[in-house]
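Structure first, commentary second.
This is a predicted model, so every value here is computed, not measured.
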Amino acid sequence: MEHLWKVVFLIVLFVFVPRWLWSQETKTKLALLKYKGGGDWYANPPSLPNLIRFCNDKLGTDLAKEPATVEPGSRDIFNYPYVHMTGHGNVVFTEDHNLREYLLGGGFLHADDNYGLVQAFRREMKKVFPEDELVEIPWEHPIFNQKYTFSEELPKIHEHDAKRPQALGV
């Protein structure tokens with residue numbers, strides 16, 4: 001009888017446990033950046049789920065439907081190829097170089113200036129990349145001409161905004 005329990009245990013251990021582990025969700029997740037400084041990092045909650053739905057529907061991706069939340073100083077940031085940042089007002093990144101490592105390693109930070117984020121964002125990015133300046137990326141750049149092309153300029157998200165849209169990069 002004792003041997004029977006050992007056999008049952010081994011079957012469970014080597015057959016059912018791996019099946020349970022492998023059936024866990026392994027889809028790629030996008031993340032929302034939770035920064036310090038009081039700039040309403042949580043503003044516009046539907047924007048990232050809408051982007052995920054659009055990518056899955058129109059581009060054929062298989063992204064997890066719910067985004068994660070990650071902080072710039074967390075090592076978890078390396079689990080997300082695309083991190084979205086929004087809000088307005090003040091932004092403060094942690095003093096460590098975690099965000100720099102993430103970006104130099106191929107991570108993508110999309111900062112959407114909901115309203116008045118750009119000054120604080122520029123200040124904090126200067127801490128992350130002190131040797132580089134943020135420069136405008138023209139709409140003709142290959143990054144904007146993949147699946148969809150921009151024929152004249154970057155599209156405006158908010159029609160009431162008098163400023164023209166810009167894309168900045170290091």
Side-chain angles (χ1 to χ4, degrees), residues 27-74 76-94 97-130 132-170:
K27 292 183 177 188
T28 300
K29 276 193 163 193
L30 306 187
L32 176 64
L33 191 70
K34 180 181 180 182
Y35 54 85
K36 294 183 168 114
D40 293 338
W41 62 268
Y42 47 82
N44 200 5
S47 63
L48 196 49
N50 287 344
L51 176 65
I52 291 167
R53 190 171 33 262
F54 178 88
C55 290
N56 286 344
D57 292 348
K58 304 293 184 191
L59 302 177
T61 58
D62 192 24
L63 300 170
K65 291 179 181 174
E66 293 299 319
T69 300
V70 68
E71 295 183 21
S74 170
D76 289 341
I77 200 169
F78 293 92
N79 294 327
Y80 310 106
Y82 178 99
V83 174
H84 183 256
M85 175 183 173
T86 190
H88 61 272
N90 197 28
V91 174
V92 176
F93 293 148
T94 54
H97 295 290
N98 198 55
L99 186 57
R100 178 185 173 93
E101 265 184 65
Y102 168 75
L103 294 170
L104 288 174
F108 188 88
L109 174 63
H110 170 200
D112 183 3
D113 183 2
N114 193 306
Y115 179 76
L117 187 74
V118 70
Q119 288 178 331
F121 179 74
R122 284 179 181 271
R123 180 193 68 228
E124 294 304 301
M125 289 307 292
K126 191 65 178 167
K127 291 178 186 175
V128 175
F129 292 105
D132 293 313
E133 295 293 326
L134 283 173
V135 296
E136 186 169 0
I137 302 170
W139 61 268
E140 301 95 347
H141 191 280
I143 198 168
F144 300 121
N145 294 282
Q146 299 295 315
K147 172 77 173 169
Y148 300 99
T149 58
F150 295 92
S151 59
E152 295 179 26
E153 63 179 23
L154 297 177
K156 255 190 185 189
I157 305 293
H158 307 288
E159 292 302 321
H160 63 275
D161 192 351
K163 297 177 186 174
R164 77 176 177 78
Q166 288 183 294
L168 304 172
V170 175

Exercise. Heavy-atom distance under 4.5 Å between the side chains of Ser47 and His84, does that happen here?
Worked result: yes
Could you tell me whether the side chain of Tyr102 and the main chain of Pro72 form a donor-acceptor pair under 3.5 Å? no
Between Leu63 and Ile52, the two heavy atoms sitting closest are CB-CG2, 4.0 Å
With a 6.0 Å cut-off (strictly less than), is the heavy-atom count around CD of Glu140, excluding the residue itself, greater than 12?
yes
Scanning both residues in full, the closest heavy-atom pair of Ala120 with Gly89 reads CB-O, 3.5 Å
Contacts of Pro46 meeting side chain to side chain contact (heavy atoms under 4.5 Å, CB included) (sequence neighbours excluded), chain-then-number -> Asn44, Asn50
Side chain to side chain donor-acceptor pair (under 3.5 Å) filter on Glu136, not counting sequence neighbours, yields Arg164, Gln166
Contacts of Phe144 meeting side chain to side chain contact (heavy atoms under 4.5 Å, CB included) (sequence neighbours excluded), chain-then-number -> Ile137, His141, Phe150, Leu154, Ala167
Residues Phe93 and Val91: closest non-hydrogen pair is CE2-CG1, 3.7 Å
Residue set satisfying side chain to side chain donor-acceptor pair (under 3.5 Å) with Tyr82, at least two apart, ordered chain then number -> His110
Pair Phe121, Asp113 - check side chain to side chain contact (heavy atoms under 4.5 Å, CB included), show working.
CA-CA 9 Å; Phe121 179 74; Asp113 183 2; over 6 Å; no
Other residues, nucleotides and ligands only: do more than 12 of their heavy atoms fall within 6.0 Å of CD on Gln119? no
Worksheet item: Are side-chain heavy atoms of Leu59 and Lys147 found at a separation under 4.5 Å?
Response: yes
Interatomic distance, CG@Asn98 vs CZ@Phe78, rounded to 0.5 Å, equals 4.5 Å
Interatomic distance, CZ@Phe108 vs CG@Leu103, rounded to 0.5 Å, equals 9.5 Å
Sorted by chain and number, sequence neighbours left out, ring-ring contact (aromatic ring centres under 6.0 Å, His included) with His88 holds for none
CZ (Arg122) and CG (Leu168) are apart, to the nearest 0.5 Å, by 5.0 Å
Review point. Do the side chains of Trp41 and Met85 get nearer than 4.5 Å, heavy atoms only?
Key: no
Worksheet item: Please walk me through it: do Val92 and Arg123 pass side chain to side chain contact (heavy atoms under 4.5 Å, CB included)?
Response: CA-CA 9 Å; Val92 176; Arg123 180 193 68 228; 4.2 Å; yes
For Lys29 and Ala64 the tightest heavy-atom approach is CG-CB, 3.5 Å
Listed pairs under 3.5 Å, donor-acceptor, residues 31-38 side chains, sequence neighbours left out:
residue: Tyr35; atom: OH; partner: Gly39; partner atom: O; Å: 2.7
residue: Tyr35; atom: OH; partner: Thr86; partner atom: O; Å: 2.8

Exercise. So, do Pro81 and Thr28 sit near enough that their side-chain heavy atoms are less than 4.5 Å apart?
Worked result: yes
Output for pair (Leu99 CG, Lys127 NZ), nearest 0.5 Å, gives 12.0 Å
Taken to the nearest 0.5 Å, the spacing of Lys126 NZ from Leu134 CG works out to 8.5 Å
So NZ of Lys65 and CG of Leu30: to nearest 0.5 Å the spacing works out to 14.0 Å
